[in-house]
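Numbering of ligands and ligand atoms starts at 1, following listing order.
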Amino acid sequence: MSDRSGVDAERLRRELGDRWARVTVVEESPSTNAVLLEDSSAPDRTVLLAELQTAGRGRLDRTWTSPRGAGLTLSVLLRPPVPLPVWGWLPLLAGVALHEAVVSATGVPAGLKWPNDLLAGPELRKAAGILAQSSGDVAVIGIGLNVSTTADELPVPTATSLALAGADEVDRTELAVAILRRLDARAAQWADVGGDAEACGLAAAYRDACRTLGSDVRVTLGDGDALEGRAVGIDGTGRLLVRTAAGERTVGAGDVEHVRASR
Ligand code: BT5
């Protein structure tokens with residue numbers, strides 16, 4: 001099992017430099033997303049990382065669970081200076097940054113499942129999830145990534161960890177630095193062009209990393225309805241385009257199952 005000693009907060013702050021306004025590491029926290037959402041005075045680029053999350057959340061009020069020190073559970077607060085309709089790209093942007101950081105730090109095979117699950121290992125199982133929430137001019141993006149989690153510790157059989165995917169000596173401080181650097185860089189490039197994901201290369205990077213595009217998918221929508229078809233694209237606000245027997249459908253939120261993978 002990898003070393004589960006704590007993330008080194010001092011080193012994290014030092015290596016990130018002044019690009020991140022406030023970087024806090026705590027032993028325990030309820031949902032780090034919820035804590036940042038309640039902090040109305042937090043500056044743009046605030047980070048909260050918890051060694052153990054006691055009330056971790058997924059999308060649609062689902063839960064995220066991870067043993068102490070076995071993964072990275074962190075949230076970032078951004079005040080994106082771009083029009084609200086394109087905020088739909090934020091979770092995808094975080095997925096791209098996470099994917100870039102994990103691949104460059106560990107070399108494990110990885111890809112994204114729309115909207116933003118990180119799949120890893122030869123069987124491309126879920127190693128990380130992202131929860132993006134907003135309130136007023138604030139967006140909070142939470143990342144939960146399984147790092148040294150063992151098979152016995154995983155909450156569901158469809159999950160994996162970086163260790164199980166082949167990277168068993170990961171330095172969590174270094175990985176957190178890499179994720180936050182990529183996230184900062186992608187967010188800055190995106191903001192510079194007013195949130196135009198095509199113009200800053202974000203859309204191309206997403207398409208490149210995304211295993212959903214080109215796959216036959218079954219999408220369960222928020223209301224419990226489902227649709228099946230071929231995932232053919234992402235629109236200007238980050239929604240998934242699915243070609244079904246009844247025509248093209250645009251999906252803003254839903255759970256995707258890859259019925260037949262593209263590659
Ligand atoms: C997600 O939701 O995947 C988003 C997870 C975001 C977690 C981070 S941790 C820091 C921040 N603070 C929070 O409170 N949340 C964020 P969703 O796609 O709904 O997937 C949730 C489902 O994934 C659960 O219902 C479980 O089936 C499964 N799951 C729970 N814990 C998992 C884990 N450690 N690894 C893989 N799958 C997990």
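For the side chain to side chain contact (heavy atoms under 4.5 Å, CB included) test with Leu162, the passing option among Val102, Asp168, Leu72 is Val102; the others fail.
The structure places CG of Leu202 at 9.5 Å from CZ of Arg207, a figure rounded to the nearest 0.5 Å. Taking OG1 of Thr54 as the reference point, atom CD of Glu28 lies at 6.0 Å (rounded to 0.5 Å).
Note: no N/O pair closer than 3.5 Å links Asp255 and ligand 1 by distance alone.
A salt bridge is defined here as a Lys NZ or Arg NE, NH1 or NH2 lying under 4.0 Å from an Asp or Glu carboxylate O, and Asp255 with Lys113 fails to meet this definition. Using a 4.0 Å cut-off between charged side-chain N and carboxylate O, Glu10 and Arg14 make no salt bridge. Contact check on Glu51 versus Arg68 returns no salt bridge, with no Lys/Arg side-chain nitrogen under 4.0 Å from an Asp/Glu carboxylate oxygen.
Only backbone heavy atoms of Ile143 (N, CA, C or O) come within less than 4.0 Å of ligand 1; its side chain stays farther off. In Thr158, neither the side chain nor the backbone holds a heavy atom less than 4.0 Å from any atom of ligand 1. Contacts with ligand 1 closer than 4.0 Å are made by no heavy atom of Leu154, backbone or side chain. Of the heavy atoms in Ser31, both backbone and side-chain atoms come closer than 4.0 Å to ligand 1.
Using a 4.0 Å cut-off to heavy atoms of Thr32, the atoms of ligand 1 that qualify are 10 (C), 11 (C), 12 (N). Per-residue contacts place Ser75 under 4.0 angstrom from the following atoms of ligand 1 (heavy atoms of the residue considered): 11 (C), 12 (N). Applying the 4.0 Å criterion to heavy atoms of Leu74 picks out, from ligand 1, the atoms 10 (C). In the vicinity of Thr63, heavy-atom distances shorter than 4.0 Å reach the ligand 1 atoms 21 (C), 24 (C), 30 (C). If you number the atoms of ligand 1 from 1 as listed, the ones under 4.0 Å from a heavy atom of Gly56 come out as 14 (O).
Looking at atom 2 (O) of ligand 1, its nearest protein heavy atom turns out to be Arg59 N, 3.1 Å. The shortest contact between atom 35 (N) of ligand 1 and any protein heavy atom is with Asn146 ND2, 2.9 Å. Of the protein's non-hydrogen atoms, Ala159 CB, 3.4 Å is the one closest to atom 36 (C) of ligand 1. For atom 15 (N) of ligand 1, the nearest protein heavy atom (residue, atom name, distance) is Arg57 O, 2.8 Å. Protein heavy atom closest to atom 28 (C) of ligand 1, with residue, atom name and distance, is Val156 CG2, 4.0 Å. With respect to atom 5 (C) of ligand 1, the closest heavy atom belonging to the protein is Trp64 CE3, 3.5 Å. Scanning all protein heavy atoms for the shortest distance to atom 31 (N) of ligand 1 gives Thr65 N, 3.2 Å.
Taking each heavy atom of Gln189 and Cys200 in turn, the nearest pair found is O-CB, 3.6 Å.
Judged by distance alone, with hydrogens and angles left aside, the side-chain atoms of Arg182 form no donor-acceptor pair with the main-chain N or O of His99 at under 3.5 Å. Panel note: side chain Ser161, backbone Thr149; a donor-acceptor pair is recorded below 3.5 Å.
When the side chains of ILVMFWY residues are joined at heavy-atom separations under 4.5 Å, either directly or via intervening members, Leu84 and Leu93 end up in a single hydrophobic cluster.
The neighbour count for Arg181 CZ, taken as heavy atoms of other residues, nucleotides or ligands under 6.0 Å away, is above 12.
Around atom 25 (O) of ligand 1, the closest heavy atom drawn from Arg62, Gln53, Lys126, Glu153 belongs to Arg62.
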